[in-house]
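Below: one structure, written as structure tokens.
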Amino acid sequence: MKKIWASFLVLVLAVGVLAACSGEEKSSGDGKGTIKIGGIFDLTGGTGDVGTPYAEGAEAYFDFIKDEKINGYKLELIGDDYAYKIPEAQKMYQKLKSKDKVSGILGWGTGDTEALRQQVAADKLPYFSGSYSENLKDIKESPYNFLTAASYSDQARSALKWIKENHSGGTPKIAFLYNDTAFGKSPIEDGKSFAKELGMEVVDEQIIDVQALDATSQLLNMEKKNPDYAIIQQTWGATATILKDAKKLGIDTQFIGLNWATGEGLIPLAGDAAEGFIGVVTHAFPYEDLPGMEEIKKYLEDNGEKLEDKNQKFIQGWVSAKIMVEAIKIADDPTTGEGIRKGIEQLKDLDLGGLAAPVTFTADNHAGTNKIRLAEVKGGKFEVITDYISY
């Protein structure tokens, strides 16, 4: 009898180990267990100005659904700060995969996401990044990476097409201002090629550090080429530096920022130098009256917070988390990366209540949308000036 019970105990332990290795944590409650999703966020690094509210939005969405059973499971987000350092992101990824047994990841930067994509593919972990690098569209190279907003290159193309359609007074002259990181450089060659395809003249490009406090020399160099428009690929901090220095120098170029340059956090940093700035908008502002904003408002009020205290990057993080969860809802097997990937690839015209453009994924296309809006700073506030557009 003792031998029988010993054999039974070994069998029970073996089953438990197998369950733990599947990315699912068993529960003694009435649910099937807990599915864990990892978070690799920048809170204190070079892009922490926009990375912090993005992470807060993602964490808030998982808190919003914490009492729900999603496809029979509880969901848990395990996130941490990697301070925009690629080696730290790699360490964090290994921990999330091996120790925490996550079934998918919400990542962040271009450099780290591109550095991790081969591991992500080998480990079969669906990866939603805050990076919208065009390189991540390649299914063969990045079979488990998904873009939940228009790629940086698509953002640049759409902005350039808008310029072409709205410019008067001869051939538009274009400059590009960006930082010397994978994020900064991501859309530049595609943007230059598309500008030339449209018959525009690319007259200058300047590299400005992602945490720059002075851009005078670069702007003086740019001014010599007299561009009509300058496309900015930065976050709020460096964008504010560019706008303030341009105002000080009396430069009248129209500045147009891609999505991480755009948002409410730019305005207090740039002050009145932000007036007239045009930005790419991939996600809604909290002050827009949209159906999808209601659940965010309710969640915040239930937790003693106010919608007006949040910004667009919070919405962006919320939406990224929501898309992952929507895929888990319809996945045949939501406990594995392979199963969640198949769920993501079933999302078609997913209605996000106006918080972002609807997204569609297939087995052949992991870029959810190529649509953006444009907004202009008027009277110290971003006002949306286009419907969703694409190139």
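Remember, it's a predicted structure, so these values are computed and weren't measured experimentally. Hydrogens, waters and symmetry mates are skipped; everything else that's a heavy atom, side chains included, is used.
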Point to revise | SB check K306 D309 (cutoff 4.0 Å) | key: no
Review point. So Y127 and S142, side-chain hydrogen bond (donor to acceptor under 3.5 Å, both in side chains) or not? Walk me through it.
Key: CA-CA 10 Å; Y127 203 101; S142 311; over 6 Å; no
Point to revise | Pair Y229-H167, side-chain hydrogen bond (donor to acceptor under 3.5 Å, both in side chains): steps then yes or no | key: CA-CA 10 Å; Y229 305 88; H167 179 76; 2.9 Å; yes
**Study point:** Reported CD1-to-CG distance for the pair I267 and D272, which is rounded to 0.5 angstrom
**Key:** 11.5 Å
Review point. So L352 and K322, side-chain contact (heavy atoms from CB on, under 4.5 Å) or not? Walk me through it.
Key: CA-CA 9 Å; L352 296 163; K322 183 180 180 69; 4.2 Å; yes
Exercise for review: Could you pull out the closest heavy-atom pair between G292 and I296, with the gap in Å?
Suggested key: O-CG1, 4.0 Å
Exercise for review: Determine yes or no for a side-chain-to-main-chain donor-acceptor pair under 3.5 angstrom, with E295 supplying the side chain and F64 the backbone.
Suggested key: no
Review point. Does atom CG of N166 have more than 12 heavy-atom neighbours from other groups under 6.0 Å away?
Key: yes
Exercise for review: Take N71 and I35 through the side-chain contact (heavy atoms from CB on, under 4.5 Å) test and state the conclusion after the steps.
Suggested key: CA-CA 10 Å; N71 206 341; I35 295 170; over 6 Å; no
Study note, to complete from the structure: When rounded to the nearest 0.5 Å, the distance separating CD1 of I256 from CZ of F176 is 10.0 Å
Revision key, fill the gap. When rounded to the nearest 0.5 Å, the distance separating CD of E326 from NZ of K329 is 4.0 Å
Point to revise | L77/I37 under side-chain contact (heavy atoms from CB on, under 4.5 Å): CA gap, chis, key distance, verdict | key: CA-CA 5 Å; L77 178 66; I37 301 297; 4.2 Å; yes
Point to revise | Considering all heavy atoms, the nearest A149-H283 contact | key: CB-CE1, 3.9 Å
Practice item. Evaluate the salt bridge (Lys or Arg N to Asp or Glu O under 4.0 Å) criterion for residues K173 and E201: first the C-alpha distance (whole Å), next the side-chain angles of each, then the deciding distance (0.1 Å), finally the verdict. Key: CA-CA 5 Å; K173 293 184 290 185; E201 186 181 357; 6.0 Å; no
**Study point:** Chi angles and distances behind the side-chain contact (heavy atoms from CB on, under 4.5 Å) call for E197, S193
**Key:** CA-CA 6 Å; E197 184 182 322; S193 295; over 6 Å; no
**Study point:** Within-4.5 Å side-chain heavy-atom neighbours: D209 and N179
**Key:** no
Review point. Counting N and O atoms only, with roles assigned by atom type, does the side chain of D138 sit under 3.5 Å from a partner on the main chain of K140, one being a donor and the other an acceptor?
Key: yes
Study note, to complete from the structure: In short, L347 meets I330 closest at the heavy-atom pair CD2-CD1, 3.8 Å
**Study point:** Side chains of K161 and E165 in contact at under 4.5 Å (non-hydrogen atoms)
**Key:** yes
Check your understanding: Ignoring hydrogens and geometry, is there a side-chain-to-backbone donor-acceptor pair from H366 to N145 under 3.5 Å?
Key -> yes
Point to revise | Any D190 side-chain heavy atom under 4.5 Å of R157 side chain | key: yes
Point to revise | Atom CG of L213 with >12 non-hydrogen neighbours under 6.0 angstrom | key: no
Practice item. Decide yes or no on side-chain hydrogen bond (donor to acceptor under 3.5 Å, both in side chains) for T216 and D214, but give the supporting numbers first. Key: CA-CA 6 Å; T216 304; D214 183 274; 3.1 Å; yes
Review point. Roughly how far, to the nearest 0.5 Å, is CD1 of I188 from CD1 of I231?
Key: 9.0 Å
Point to revise | Residues D252 and K247 bridged, charged N to O under 4.0 Å | key: no
Practice item. Take R373 and E288, measure what salt bridge (Lys or Arg N to Asp or Glu O under 4.0 Å) needs, and give me the verdict at the end. Key: CA-CA 13 Å; R373 297 182 295 167; E288 293 188 76; 2.9 Å; yes
Practice item. Determine whether W162 and I372 make a side-chain contact, defined as any pair of heavy atoms from C-beta on separated by less than 4.5 Å. Key: no
Review point. Do E223 side-chain atoms and I251 backbone N/O form a donor-acceptor pair below 3.5 Å?
Key: no
Review point. Could you walk me through whether Y178 and Q234 pass the side-chain hydrogen bond (donor to acceptor under 3.5 Å, both in side chains) check?
Key: CA-CA 6 Å; Y178 58 95; Q234 298 279 6; over 6 Å; no
Check your understanding: Can you name the one residue among F41, F128, Y93, W260 that meets ring pair (Phe, Tyr, Trp, His ring centres under 6.0 Å) with W108?
Key -> W260
Review point. Between T360 and D349, is there a donor-acceptor pair closer than 3.5 Å when you use the side chain of the first and the backbone of the second?
Key: yes
**Study point:** Short side-chain donor-acceptor distance under 3.5 Å, Q94 and Q119
**Key:** yes
Practice item. For the pair E114 and R117, find out whether any cationic side-chain nitrogen is under 4.0 Å from an anionic carboxylate oxygen. Key: no
Revision key, fill the gap. Exactly one candidate in K348, R341, K342 meets salt bridge (Lys or Arg N to Asp or Glu O under 4.0 Å) with E345; the answer is R341
Check your understanding: Does a salt bridge link K310 with E305, judged by any charged N lying under 4.0 Å from a carboxylate O?
Key -> yes
Check your understanding: So, do K313 and N259 sit near enough that their side-chain heavy atoms are less than 4.5 Å apart?
Key -> yes
Check your understanding: Got L136 and S133 here, is their nearest side-chain heavy-atom distance under 4.5 Å?
Key -> yes
Review point. Mind checking whether D180 and K185 have side chains closer than 4.5 Å, heavy atoms only?
Key: yes
Practice item. Determine yes or no for a side-chain-to-main-chain donor-acceptor pair under 3.5 angstrom, with T386 supplying the side chain and L374 the backbone. Key: yes
**Study point:** K124 atom NZ: more than 12 heavy-atom contacts under 6.0 Å
**Key:** no
Practice item. Can you establish whether the number of heavy atoms outside N303 located under 6.0 Å from its atom CG is more than 12? Key: yes
Review point. Of the options Y54, Y61, F62, which is the one that meets W318 in a ring pair (Phe, Tyr, Trp, His ring centres under 6.0 Å)?
Key: Y61
**Study point:** Gap separating the CG atom of L219 from the CD atom of Q206, nearest 0.5 angstrom
**Key:** 8.0 Å
Check your understanding: Just by modelled atom types, is the K66 backbone N or O under 3.5 Å from a matching donor or acceptor in the D63 side chain?
Key -> no
Point to revise | Quiz item: cation-pi between K381 and Y287, 6.0 Å / 45° | key: yes
Point to revise | Co-membership, hydrophobic cluster, residues V280 and Y388, 4.5 Å side-chain | key: no
Check your understanding: Do N135 and E141 have side-chain heavy atoms sitting under 4.5 Å apart?
Key -> no
Review point. Looking only at atom types and distance, does a side-chain atom of E301 sit under 3.5 Å from a main-chain N or O of K298, one as donor and one as acceptor?
Key: no
Review point. About how many Å separate CG of L269 and OG1 of T241, when rounded to the nearest 0.5 Å?
Key: 8.0 Å
Check your understanding: Side chains of S151 and E134: do they bring a donor and an acceptor to under 3.5 Å?
Key -> yes
Review point. Just by distance, do the side chain of Q218 and the backbone of I207 share a donor-acceptor pair under 3.5 Å?
Key: yes
Exercise for review: Say whether, by atom type as modelled, one donor and one acceptor occur between the side chain of D42 and the main chain of G48 under 3.5 angstrom.
Suggested key: yes
Check your understanding: Would you call the rings of F277 and F382 parallel, tilted or perpendicular, where under 30° means parallel and over 60° means perpendicular?
Key -> perpendicular
Check your understanding: Would you call K192 and E189 a salt bridge, taking side-chain N to carboxylate O under 4.0 Å as the test?
Key -> yes
